[in-house]
Structures are given as structure tokens and as C-alpha cells.
Amino acid sequence: MSAHQVVLVGAGMGGLSAALRLAHRGLAVTVVEASDAPGGKLFAPRVDGVPIDSGPTVFTMRWVFDQLMAEVGTTLEAELSIAPLAVLARHWWDDGSRLDLHADPAASTEAVAQLAGPAEARRFQAFCERARAVYRTLETPYIRHPSPNAAQLTRDIGLRGLATLTALGPLSGLWRSLGRQFADPRLRQLFARYATYTGSSPWQAPATLMLIAQVEMDGVWSVDGGMHALARCLERLAAARGAVFRYGAACERIELQQGRVAGVRLSSGELLRADSVVFNGDSAALRAGLLGEPLRRAVPRRAPQRSLSALTWALHARPGDCPLDRHNVFFQHADRAPYAGEFSDIFARGRLPAAPTVYVCAQDRGTAGSTATGAAPERLFALVNAPAMGDGDTITPEELDRCETQAFELLHRCGLPLTPQGPAAQRTTPADFHRRFPATGGALYGQASHGWGSAFSRPVASTPVPGLFLAGGSVHPGPGVPMATLSGRFAAEALMASPALTRRWHPVATSGGTSTPSATTANTA
């Protein structure tokens with residue numbers, strides 16, 4: 001009898017989460033990753049000699065990580081240094097107006113009143129109550145459920161939950177719902193932006209995505225060392241429990257024997273035998289047959305609409321006197337450029353937006369100990385939404401340069417003078433993301449969350465291929481660091497409960513300091 005052999009393909013947050021849990025449970029875990037570091041979309045290239053987070057930059061839903069740490073016998077505070085942010089995000093418009101959302105709800109309400117008047121502040125309070133109700137309705141039966149469906153969700157949320165969702169008009173879309181809740185177009189812009197957190201258009205995304213407002217109001221934290229430090233933390237904990245990490249080891253295909261998983265073939269030709277495989281790549285790669293033709297059946301055959309990609313810049317630059325906070329969103333005023341045009345350009349016309357909104361993460365600001373003044377170079381990350389067409393030739397260099405010019409002219413109008421050229425700047429395009437994440441076209445969120453039914457159309461952890469499990473932002477519960485981390489939990493739980501894992505339980509002490517069931521099994525590869 002030998003330990004159950006698990007190979008995880010991809011060291012993104014879903015793969016790291018699954019690897020840590022499975023290694024803690026006593027399974028033999030090997031993680032193979034094509035790049036030279038963990039994190040997947042959490043990556044931090046060195047620009048002008050300093051590492052700059054150039055993927056997800058917002059740390060929320062800390063309960064996901066508290067739960068993970070507790071399961072393996074430690075705490076988040078013992079493993080990472082994190083600090084809550086007083087300002088959740090600073091929002092700018094090129095007419096000179098500005099709005100901070102705060103960790104303190106009363107401060108946010110006062111800020112809205114200052115921007116748009118007391119009536120709009122009351123509408124904001126009502127919006128927050130709705131967002132809280134939606135989140136509470138959906139957290140357990142959807143976010144925490146490993147494989148939700150419409151019938152189960154309807155049953156679990158009950159009449160009160162149905163009333164909460166029906167009041168939103170979820171079938172009408174987020175933008176239309178916000179139009180009923182806010183009179184000021186700037187607030188509609190601001191809260192419609194939450195659709196982009198799932199790679200979607202506010203005009204096509206369901207109104208339930210307003211729950212992201214509650215996610216942020218529950219707290220946004222900074223991570224000492226950047227978001228990439230979170231990936232390194234999970235890697236370190238998994239390795240301490242016996243997981244083996246192999247970098248520069250690209251998966252060529254997943255091998256089957258008599259219809260079930262038998263191993264992973266690396267691009268070097270090496271075969272890693274496996275009883276189970278967790279695939280932490282985009283499900284589009286399976287659908288395209290990149291991991292082997294028989295693996296196509298692991299995910300639904302019909303290709304969904306791709307989510308947003310991005311055009312990004314990592315900069316080591318002086319922001320001057322611009323009073324940036326850590327998270328900043330720069331909007332075109334609706335009188336200058338209708339907000340709908342950004343998403344029509346991307347989703348309907350398949351082109352870069354002519355009037356983009358720009359997100360800027362000022363990674364040396366926002367915490368109590370920050371001393372950034374703008375006089376010295378700071379670590380900045382800027383992002384513009386883009387179509388996921390990085391696998392074609394439709395986005396020309398001229399169009400990239402034109403979009404860059406529009407984006408940085410908006411920043412200049414808002415008082416942030418940045419120049420995105422030279423050795424202190426690195427630009428990443430949808431084509432670059434497509435090369436890193438094959439078969440995606442550069443889509444960064446899996447499928448777009450368009451329409452109510454999209455909530456149930458993502459693949460789940462278990463697949464029709466025996467021994468194959470899925471994790472990552474393209475599967476349930478969806479994109480984003482905490483959601484991808486949750487997907488790793490679902491993959492680990494599905495694997496542990498699978499018929500292939502014939503086990504004899506007995507408690508053993510683990511490196512996490514707790515007793516947990518362990519098992520042995522015959523290697524069936």
C-alpha cells in the first residue's frame with residue numbers, strides 16, 4: 001500500500017489551496033507549474049529593480065483564509081502580516097469630483113452626502129442594506145456550496161431569500177437595478193464597476209453582483225510583501241506538510257488509462273504517475289483539447305462568452321502631488337463619455353475602449369506606516385479593461401498605443417502625471433495574458449457572468465473523468481483570489497470523497513499540530 005498520489009497542475013491560488021489541504025491530510029502531493037513561481041495570476045514582475053504586484057491587488061473575504069489556516073492548524077496572523085485599510089477605494093472623475101468609500105460606513109455615508117447631497121446619501125444607505133441582504137442570502141447556499149444549482153438554491157434561500165432577490169429585479173441586470181437606486185450617474189458608474197470584478201459588463205451582469213459591495217464593506221486589507229506573498233505563504237505551508245513543487249514544469253497532457261486519470265505528461269516528456277489530478281488551469285484549455293482530446297468531456301462542451309481581459313502597466317514612477325490612496329479608480333465623466341461605450345466597445349465591437357476607466361493601485365500607500373509622498377518613485381499598477389482577443393490579430397500595436405494614450409490622458413486630467421514608457425514601465429496586453437493562460441484569449445476571469453443563468457454554468461470541482469478535479473477562477477465559485485482559494489477547498493473535498501480514494505482511516509499527528517484522519521490506498525495508476 002502506498003500513499004494516494006495527487007498531481008496538481010498549476011500553482012495558482014486554487015491549486016495552492018488544494019495542495020495545502022491534501023498534503024495536510026497525508027496524501028502524496030506534487031504541484032507542477034509552468035512558470036518559475038507560485039501564484040498564477042498573482043504575479044509580481046521586477047520593474048526598475050522592484051517587484052510590483054501586477055495581478056489581483058485587493059485582499060477581501062479574509063474568512064476564507066482564516067478558515068483555511070484553521071483547517072491546517074495555524075492562523076492567518078501567525079503566517080502573514082496584514083493590515084486593514086481605512087479607505088476601501090478612492091474614486092476620481094475628470095470633472096474634479098472625488099469620493100472615498102471607507103471601512104467606517106458612517107464616513108462613507110458622509111462622503112456620499114458631500115458629493116451628491118443628503119438624498120443620495122440616504123439612497124446609498126438603502127443600497128448598502130440591499131447589498132448586505134443579498135450577500136447574506138447567497139453566501140451559504142451559493143458561495144459556500146460546492147455545486148449549486150437553481151433548484152437547490154431556491155429551496156435553500158427560502159421565501160425570504162426569494163423576496164430579497166426578486167426585489168432587485170435580478171433578471172433585469174445590474175445597471176438597470178442601480179438606475180432605480182441612485183439618481184447621481186457617478187454613483188451608478190462606481191457601483192456598476194463591481195461587474196468588472198467578475199470580468200463582466202454591468203449591462204449584462206445580474207443585479208446580484210451588488211453583493212460585492214458588501215464583500216468590500218466587510219473589510220479590505222493590505223498584505224505585507226504584496227499579494228504575491230499570500231501565494232508564497234500557501235506554498236510554504238504546503239511544502240512543510242510534504243507537498244513537492246516543481247517549477248518550469250509545463251503539463252503537456254493528462255494521461256488516462258481505461259478511462260480514468262493515470263498521470264501527467266510534462267513537456268519534457270517525463271510522466272508523473274497519479275491516482276488523482278487537480279487541474280488548476282482555465283477550463284477553456286480542457287475544452288480546446290490542449291490537455292488531450294479525451295479531456296474535452298471534463299467540462300461542458302459549449303464555449304461560454306469570454307470574460308474581460310486587460311491592458312496593464314507596472315510602473316515605478318513619481319505620482320507627484322496627486323493624493324492617491326492604495327486603491328483608486330479614475331472615471332470619465334458621463335457628459336464627456338457615456339459609460340456604456342466602454343462595454344459596448346469591448347463586448348459588442350471586440351475592440352479596446354475608446355474612453356477607458358483606469359484602475360491604479362498605489363502599492364506604497366494606504367497603510368498606517370506609509371511614508372509615500374510622490375517625491376520619490378513608487379510602485380504603481382494601472383489597468384484598463386480589454387476584450388479577450390489575445391489569440392487573434394485584431395488588436396493592433398497602433399490600437400494599443402491609442403488606448404494607452406487615452407488612459408494616461410485621463411489620469412493627467414485627474415492630476416496624476418504618469419509616463420508609461422521607458423525602463424520603469426512594463427506593459428502587458430491580452431496577447432501576453434493569452435500566452436500565459438492558453439486557450440483563453442487573455443480572459444482573466446473565465447467566463448463572463450452575463451445573465452442569471454451564468455451563476456450555474458461554471459464547471460464545478462468534480463468532473464465526468466474519474467480521478468480529475470478542477471480548481472481555479474474559471475470554475476465555481478468564480479474569479480478573484482478568495483473565490484479561487486475556495487475552489488481549491490471544493491476540489492480537495494471532492495477528491496477526498498471520491499470512490500477512487502479507498503481508505504482506511506486512522507488518526508495521525510500532522511505538522512500542523514492537530515490530529516486528522518490519514519489514509520493509505522493502493523496506487524491504481
Side-chain angles (χ1 to χ4, degrees), residues 6-10 12 14-15 18 31-34 40-41 146-147 149 199 249-267 269-307 309 388-392 433-450 453-479 484 487-488 490-491 494-495 498-500 524-525:
V6 181
V7 177
L8 288 105
V9 178
V31 182
V32 296
E33 167 59 50
K41 295 182 179 72
S147 55
N149 60 66
C251 172
E252 182 76 17
R253 64 182 181 271
I254 297 171
E255 301 281 8
L256 303 183
Q257 188 175 76
Q258 297 180 340
R260 66 160 289 113
V261 160
V264 168
R265 180 79 61 180
L266 303 181
S267 57
E270 181 183 0
L271 175 65
L272 302 179
R273 299 176 65 205
D275 299 301
S276 299
V277 170
V278 178
F279 179 67
N280 179 215
D282 199 287
S283 59
L286 295 172
R287 184 177 294 108
L290 298 189
L291 283 300
E293 284 294 319
L295 275 298
R296 287 178 182 265
R297 67 186 180 94
V299 296
R301 180 177 301 178
R302 183 179 178 182
Q305 183 178 19
R306 288 172 171 174
S307 68
S309 185
M389 302 180 71
D391 49 353
F433 286 119
H434 173 69
R435 283 188 285 272
R436 291 189 61 215
F437 310 113
T440 66
L444 297 175
Y445 311 86
Q447 69 185 61
S449 297
H450 288 167
S454 64
F456 309 107
S457 62
R458 289 179 179 272
V460 296
S462 296
T463 77
V465 178
L468 178 66
F469 305 89
L470 306 181
S474 70
V475 304
H476 176 73
S487 79
F490 296 151
L495 191 157
S498 64
T524 59

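The residues of the chain are indexed from 1 along the displayed sequence.
Side-chain contact between E255 and V264 is absent, with no heavy atoms from C-beta onward closer than 4.5 Å. Under the 4.5 Å side-chain criterion, counting only non-hydrogen atoms from C-beta, R306 is in contact with D391. Two residues are said to be in side-chain contact when any heavy atoms from C-beta on lie closer than 4.5 Å; F433 and T440 fail this criterion. Residues V261 and P466 are not in side-chain contact: their nearest non-hydrogen atoms beyond the backbone lie 4.5 Å or more apart. Put simply, the side chain of C251 does not reach to within 4.5 Å of the side chain of S267, judged on heavy atoms.
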**OP:** Report the C-alpha separation of F469 and V277 in whole Å, then their side-chain angles, then the decisive distance to 0.1 Å, and conclude whether the side-chain contact (heavy atoms from CB on, under 4.5 Å) test is met.
**Re:** CA-CA 6 Å; F469 305 89; V277 170; over 6 Å; no
**OP:** Could you check L256 against L295 for side-chain contact (heavy atoms from CB on, under 4.5 Å), going step by step and ending with a plain yes or no?
**Re:** CA-CA 9 Å; L256 303 183; L295 275 298; 4.2 Å; yes
**OP:** Assess whether side-chain contact (heavy atoms from CB on, under 4.5 Å) is satisfied between L468 and F279, documenting all intermediate values.
**Re:** CA-CA 7 Å; L468 178 66; F279 179 67; 4.2 Å; yes
Subject >> CA sep, side-chain torsions, deciding dist, call: D275, V6, side-chain contact (heavy atoms from CB on, under 4.5 Å) >> reply: CA-CA 6 Å; D275 299 301; V6 181; over 6 Å; no
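Between V299 and the choices L470, T463, V475, the side-chain contact (heavy atoms from CB on, under 4.5 Å) rule is met once, by L470.
Annotation: the span from K41 atom NZ to F437 atom CZ amounts to 4.5 Å, rounded to 0.5 Å. With values rounded to the nearest 0.5 angstrom, E293 atom CD is found 12.0 Å from R253 atom CZ. Atom CD1 of I254 sits about 11.0 Å away from atom CG of L290, to the nearest 0.5 Å. With values rounded to the nearest 0.5 angstrom, S307 atom OG is found 9.0 Å from H450 atom NE2.
A distance-only check finds a donor-acceptor pair linking the side chain of H434 to the backbone of G441 [under 3.5 Å]. Under the 3.5 Å distance criterion, the side-chain polar atoms of R260 are left unmatched by any main-chain donor or acceptor of V465. Side-chain atoms of R436 come within 3.5 Å of backbone atoms of G40 as a donor-acceptor pair (strictly under, hydrogens ignored). No donor-acceptor pair under 3.5 Å is formed between the side chain of S309 and the backbone N or O of A388.
With no hydrogens or angles considered, no side-chain donor-acceptor pair links S474 and Q447 at under 3.5 Å.
Electrostatic pairing of D282 and R287 does not count as a salt bridge here, judged by no charged N lying under 4.0 Å from a carboxylate O. Ion pairing between a basic and an acidic side chain is recognised when a charged N comes within 4.0 Å of a carboxylate O; E252 and R265 show no such pairing.
Of all heavy-atom pairs between G12 and N280, the closest is N-OD1, 2.9 Å. Taking all atoms of both residues into account, the shortest heavy-atom contact from S449 to R458 is OG-NH2, 3.9 Å. Between A448 and S454, the shortest heavy-atom distance links the atoms O-CB, 4.1 Å. Nearest heavy-atom pair across A471 and V278 is CB-CG1, 4.1 Å. Closest heavy-atom contact between P477 and S487: CD-N, 3.9 Å. Taking every heavy atom of both residues into account, L291 and A285 meet most closely at CD2-CB, 3.9 Å.
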